[in-house]
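I have placed the structure first, in the form of structure tokens, so that the comments after it can refer back to it.
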There are 2 protein chains.
Amino acid sequence: MREGPDIARIASLVGDPARANMLNALMGGTALTASELALEAGVSLPTASSHLGKLMEGGLLTVASQGRHRYYGLAGPQVAGMIEAITGVAASVGPQRVRPGPRDGAMRVARVCYDHLAGEQAVAMLDRLVAKNVLVRDEQEIRLGPSAASHFAAIGIDVYTKPRRPVCRACLDWSVRRSHLAGTLGAAILDKTLAEKWARREKDSRAVIFSPPGRQAFERAFLS
Amino acid sequence: MREGPDIARIASLVGDPARANMLNALMGGTALTASELALEAGVSLPTASSHLGKLMEGGLLTVASQGRHRYYGLAGPQVAGMIEAITGVAASVGPQRVRPGPRDGAMRVARVCYDHLAGEQAVAMLDRLVAKNVLVRDEQEIRLGPSAASHFAAIGIDVYTKPRRPVCRACLDWSVRRSHLAGTLGAAILDKTLAEKWARREKDSRAVIFSPPGRQAFERAFLS
DNA sequence: CGCATAGTTCGTTCCTCATCGAAGCGTTCT
DNA sequence: AGAACGCTTCGATGAGGAACGAACTATGCG
């Protein structure tokens, strides 16, 4: 009977299996069409459309119309963070969904979290960048260190271009339980990693798989 | 149709208004009896009992039987963190539940988060302790600094006694969006604050209200 | 224009699940 | 022992909402 933000409303949106599958799929960071999400969730198109309407109304999704397609995406990093938090609880209390399987192992090593990298590899990268003083952890925030501009410029990432969102943000990793790098810089690093073909996205999964030479290049760039 | 931890299962537990109210009440940190939670949620005792059973089965709650009472509490900090995350989203996307009201203002200044202090006051405290090098932020974790033992001993808090849980932990504040101090030390500080009567708990709320002299004492102890 | 594709809206069906009263079990108090 | 209390279990009721097919709107292609 008390009040505050309407947490039940938000949680019940995530609490439907079809909607949860959609949100999970959108955690991959790329916006998807209604049909793709229907397939992902295992429901018919009308049903999916209804769900998407509810998620929109709840403020969890944004949509961009392009021609006859409508691309749905997560409303923002805060929503992604909430889903990671729920995932963390589900992973730790759940009856451990049968065997972990190889794909699950790959997910722990590296995966996409909304628009940036997560997993052991991502956590290690942030640690290393902080240790090298390229980034500076200050209180909760992460800031650019003195050598950041030149360091990233050498790899072909411009840390100044994108104004609106914070450049660096910490994002808690549900598998490692430590922070990894989010923000525009985190997003740029993921872009770079995929553009250089250091790693590829596993089809229909958030897992990110590094090729052996790609791994070396990535480590040379960020972990050396 | 993909898999991973069963997030819908967890979210749907939080998604019922009665259960959400119960969880919210338990965010106050004190374990409550089934009757108290029934009152809190505005449902009958049998209904509440049914909800509590589900929350138990889902691993979100723990219970301790004492005589004819059964005290229910949150299963752990991870669950509390998840609820804060959901609260954050609900607060930012929600239709802003009418006017903020004085109680809501008090909540932003200081409130109980599971077993420690949250809100502006708590965030400021952590910042100050880190600035004074009493605590050290290292990567995501917070560790005790060299002067921590003597500093807290002077206030009457022993930082060594409690072995199991980590002494320090960072916990993300939904109102300020910055970290505050959790862990056994965070809990000890809350205990101290209430024991010294620097502040009192608002009845039926998570809000914590400092008395003017209490505020001074608190600031002398942690913010000076 | 007419046809195909992408999405939404509508109406109906069906099932889950929240709710409560009544009854049952265990604990405490006198 | 008996009575009062705290809580859970059972059974019946009812409402909300998830699902789909069919019809409708909008965009793109020839």
Side-chain angles (χ1 to χ4, degrees), chain A residues 1-2 6-26 30-75 90, chain B residues 1-2 6-26 30-75 90:
Chain A
M1 276 312 179
R2 81 165 62 286
D6 195 348
I7 138 177
R9 181 177 134 84
I10 301 300
S12 69
L13 284 174
V14 188
D16 176 83
R19 286 193 292 261
N21 282 334
M22 291 176 173
L23 291 169
N24 238 324
L26 291 174
T30 51
L32 299 172
T33 66
S35 333
E36 289 170 321
L37 288 167
L39 194 68
E40 200 69 45
V43 295
S44 71
L45 230 173
T47 305
S49 184
S50 156
H51 284 308
L52 290 169
K54 285 169 197 185
L55 289 170
M56 285 293 299
E57 197 184 2
L60 266 45
L61 258 42
T62 54
V63 69
S65 293
Q66 274 179 30
R68 56 182 169 183
H69 295 276
R70 310 197 67 187
Y71 287 92
Y72 290 92
L74 293 187
Chain B
M1 273 311 180
R2 78 167 63 288
D6 195 349
I7 135 178
R9 183 177 133 82
I10 301 301
S12 70
L13 283 174
V14 188
D16 177 84
R19 286 193 291 261
N21 282 334
M22 291 175 173
L23 291 170
N24 237 326
L26 291 174
T30 49
L32 299 172
T33 65
S35 332
E36 290 170 320
L37 287 167
L39 194 68
E40 200 70 45
V43 294
S44 72
L45 232 174
T47 304
S49 185
S50 156
H51 285 308
L52 291 169
K54 285 168 198 191
L55 289 170
M56 286 294 298
E57 197 184 2
L60 266 45
L61 258 44
T62 54
V63 67
S65 292
Q66 273 179 31
R68 56 183 168 182
H69 295 275
R70 309 198 68 185
Y71 287 93
Y72 289 92
L74 292 188

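Note that the coordinates shown come from a computational prediction; the quantities given were computed from them, not determined experimentally.
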Between [options], which nucleotide has the shortest distance from any of its atoms to the side chain of [X]?
X	options	answer
Val43(A)	dT8(D), dT8(C), dA19(D)	dA19(D)
Ala18(A)	dT19(C), dA19(D), dG21(D)	dA19(D)
Arg19(B)	dG21(D), dA18(C), dT19(C)	dA18(C)
Thr47(B)	dT8(C), dC20(C), dA19(D)	dC20(C)
Arg68(B)	dG26(C), dT19(C), dA6(C)	dG26(C)
Lys54(B)	dC17(C), dG7(C), dT8(D)	dC17(C)

Nearest-Å distance, [atom1] ([X]) to [atom2] ([N])?
X	N	atom1	atom2	answer
Leu39(A)	dA6(C)	CG	P	12 Å
Leu52(A)	dT9(C)	CG	P	11 Å
His51(A)	dG7(C)	NE2	P	16 Å
Leu37(A)	dA6(C)	CG	P	14 Å

*Between OH of Tyr72(A) and CE of Met22(A), what distance do you get to the nearest 0.5 Å?*
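Between Tyr72(A) OH and Met22(A) CE, I get 9.0 Å after rounding to 0.5 Å.
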Which value, rounded to the nearest 0.5 Å, describes the distance between Leu13(A) atom CG and Ser12(B) atom OG?
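Interatomic distance, Leu13(A) CG to Ser12(B) OG, rounded to 0.5 Å: 12.5 Å.
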With a cut-off of less than 4.0 Å, is there a side-chain N or O of His69(A) near OP1 or OP2 of dT27(D)?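 It does not, given that no N or O in the side chain of His69(A) lies less than 4.0 Å from OP1 or OP2 of dT27(D).
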- prompt: Taking only N and O in the side chain of Arg70(B), is any of them less than 4.0 Å away from OP1 or OP2 of dT27(C)?
  reply: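 Negative; the distance criterion is not met.
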*Flag side-chain contact, heavy atom, 4.5 Å: Asn21(A) against Leu37(A)*: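 Contact flag for Asn21(A)/Leu37(A) side chains = no.
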Below 4.5 Å, heavy atoms only, C-beta onward: do Tyr71(A) and Thr33(A) meet side chain to side chain?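 The answer is yes, as the side chains (C-beta and beyond) meet within the 4.5 Å cut-off.
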Show every donor-acceptor pair shorter than 3.5 Å between a side-chain atom in residues 42-52 of chain A and any protein atom, with sequence neighbours excluded, or say none if there are none.
from, atom 1, to, atom 2, distance (Å)
Ser44(A), OG, Thr47(A), N, 3.4
Ser44(A), OG, Thr47(A), OG1, 2.9
His51(A), ND1, Arg19(A), NH1, 3.1

Closest-nucleotide mapping onto DNA chain C: is Ser50(B) or Leu45(A) further toward the 5' terminus? I mean the 5' end.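 Looking at DNA chain C, the more 5' nearest nucleotide goes with Leu45(A).
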* Using a cut-off of 4.0 Å on non-hydrogen atoms, how would the nucleic acid contact of Tyr72(A) be classed: base, sugar-phosphate, or nothing? ->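 Result for Tyr72(A) = sugar-phosphate.
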